[in-house]
Every structure is written in C-alpha cells, then in structure tokens.
Amino acid sequence: MSPEAVDSPPHRSRLFTTALVLFGLGVLGIAAVFLSRPLADYNPPLAFYLVGMLLPVGLFLAVYSAFRSNR
C-alpha cells in the first residue's frame, strides 16, 4: 500500500486551533470564578471574569471556522 493511499487525519486550521485555545481559557476562567469563593473565601477579581468571557469568543470562532471549511 502506498503512503498516498493511507488516510491522514483532517488538518485543523490555525483559526480552529485558536478557537479551541480561547474556549479552553474561557472554561478555566469560569471555573476560577466559581471556585474562588468557596476555596479561597474572596471575591474573584475582574481578570477572572474577563478571561471567562473568552469562552463565547472561542465558541463563535470555532463555529465560524467550521462553516468556512464546509464541515
């Protein structure tokens, strides 16, 4: 069997990879907001909320990337 005949996994675009990173950072930011009060007994700083806002940005970019690549 020739190397060309082997199916390779689909290549992820740079936009989709960026979207996944932003989504993951947003999940971590939201987890930090919810866990900071019971674990450390202080109100979360504004930076945690701002990092949490990366989740919808990453989700939007992932959907846009999927539509752009016709998936």
Minimum heavy-atom separation for [X] to [Y], with atom names?
X	Y	value
Ser13	Ser65	OG-OG, 3.4 Å
Ser36	Pro44	OG-CB, 3.3 Å
Val51	Gly29	CG1-CA, 3.9 Å

Hydrophobic cluster identity match, [X] and [Y], side-chain contacts under 4.5 Å:
X	Y	value
Leu55	Phe34	yes
Leu15	Leu54	yes
Tyr64	Leu22	yes
Val21	Phe23	no
Ile30	Val27	yes

